[in-house]
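Just below is one structure, and these are the notes that go with it.
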Amino acid sequence: MEARILPESPGEPGAATLWARFVAVATTEPEREALRWNGGTLCYGALFDRARRIAGVLRARHGIGPGACVGVAMPRDGDLVAALLGVMASGAAYVPLDPRYPLDRLGFMVADSGASLVLSHSRVALPPGVSRLDLDTQRLPETSEQQLSEPHADDLAYLIYTSGSTGVPKGVEVTHGSV
C-alpha cells in the first residue's frame with residue numbers, strides 16, 4: 001500500500017497553500033493520525049517535526065531555499081511525505097523522481113531541473129555524480145532553529161516531468177496555489 005494522507009483535513013479556512021493547511025492541522029491537532037502505510041503510522045506532530053528537521057538540514061547544510069529545486073527519489077512510505085513537506089518548508093520546489101526510472105532519465109531530470117541535491121534512501125540507485133542526502137542513514141538534528149519558509153500561492157511547489165512520449169520529457173511547473 002502506498003503512503004497517503006488520511007481523510008481530508010480542513011486546516012484554516014481560506015489557507016492558500018497545502019503547506020499552510022498542513023501546519024494548521026499539525027499545530028492544532030499534533031496527535032491526529034496523518035499517514036498510514038504498510039510499514040506504520042505517523043501523526044501530524046511527528047510528521048511536522050520530521051519535515052521541519054529536513055528543511056533545517058536543507059537550508060543550513062546545503063544552502064537550499066526559495067528558488068531552488070530539490071529532487072526526491074524515495075520509496076513510497078512516510079519518509080517520502082516528510083521529504084516533500086521538508087522541501088516545501090525550506091522554500092524550495094521538489095522534483096519527484098521515480099526510483100524505478102532508468103538512470104539516464106533520472107540524470108536528465110536532475111540536470112534539466114537544476115536540482116542541486118536529491119533526497120533519497122541509501123538503497124535507491126541514482127546516476128553517478130548526483131549529490132544526494134540519504135534520509136534513512138543521515139542523522140537529522142533533534143531540532144531545527146532554521147526559519148521555515150511560508151510559500152505564497154504563486155511560488156513554485158514542484159516541477160514534474162512529462163512521460164516524454166513525443167521525445168524528450170518536459171518539466172511542468174506547478175505553483176502552491178495550484179496544489
Side-chain angles (χ1 to χ4, degrees), residues 1-97 99 117-124 132-158 160 174-179:
M1 178 189 294
E2 295 180 11
R4 62 183 172 88
I5 294 182
L6 292 179
E8 180 118 80
S9 303
E12 294 179 340
T17 65
L18 172 65
W19 176 249
R21 289 174 182 265
F22 170 74
V23 170
V25 175
T27 56
T28 59
E29 301 179 68
E31 297 304 317
R32 183 175 172 183
E33 188 177 61
L35 297 173
R36 183 180 303 149
W37 69 98
N38 62 356
T41 63
L42 203 55
C43 66
Y44 275 92
L47 182 58
F48 179 61
D49 179 61
R50 180 108 172 121
R52 188 174 57 224
R53 291 187 292 137
I54 291 168
V57 167
L58 290 174
R59 293 178 73 115
R61 293 187 197 159
H62 299 279
I64 303 288
C69 284
V70 176
V72 179
M74 300 179 69
R76 294 180 179 185
D77 61 14
D79 221 16
L80 169 64
V81 178
L84 298 176
L85 290 167
V87 172
M88 283 184 191
S90 77
Y94 65 85
V95 180
L97 302 168
L117 181 70
V118 175
L119 297 179
S120 193
H121 277 182
S122 58
R123 64 187 177 273
V124 172
R132 64 188 294 159
L133 175 63
D134 293 325
L135 294 178
D136 61 333
T137 59
Q138 175 69 43
R139 181 175 155 81
L140 298 174
E142 291 301 315
T143 61
S144 173
E145 302 301 320
Q146 291 286 318
Q147 181 67 31
L148 300 181
S149 288
E150 294 186 28
H152 299 283
D154 58 346
D155 290 341
L156 186 63
Y158 64 92
I160 192 162
V174 180
T175 64
H176 283 276
S178 295
V179 176

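Source: prediction; values computed, not measured.
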- line: What one should report as the nearest heavy-atom pair of P151 and T17 is O-CG2, 3.6 Å

query: What distance separates R123 CZ from T137 OG1, expressed to the nearest 0.5 Å?
result: 10.5 Å

message: To the closest 0.5 Å, what do you measure between CG (L135) and CD1 (I54)?
response: 4.5 Å

- request: With rounding to the nearest 0.5 Å, note down the distance linking CD in E31 to OH in Y44.
  value: 13.0 Å

query: What's the spacing between F48 CZ and R53 CZ if we round to 0.5 Å?
result: 12.0 Å

query: Do Y158 and L84 have side chains that get closer than 4.5 Å, going by heavy atoms?
result: no

field: Heavy-atom side-chain proximity of L80 to V72 below 4.5 angstrom
entry: yes

task: Give the minimum heavy-atom separation between L85 and A51, together with the two atoms involved.
output: CB-CB, 3.7 Å

field: Gap between atom CG of L133 and atom CG of L58 - 0.5 Å precision
entry: 7.0 Å

query: Does any N or O in the side chain of R132 come within less than 3.5 Å of the main-chain N or O of H121, such that one atom is a donor and the other an acceptor?
result: yes

L18 and H176, any side-chain heavy atoms less than 4.5 Å apart: no

- line: dist S120:OG -> M74:CE (nearest 0.5 Å) comes out at 6.5 Å

- prompt: Is it true that a side-chain atom of S90 and a backbone atom of R59 form a donor plus acceptor pair closer than 3.5 Å?
  reply: no

V87 vs I64 side-chain heavy atoms within contact, under 4.5 Å: no

field: D79 and R50 ion-paired at < 4.0 Å
entry: yes

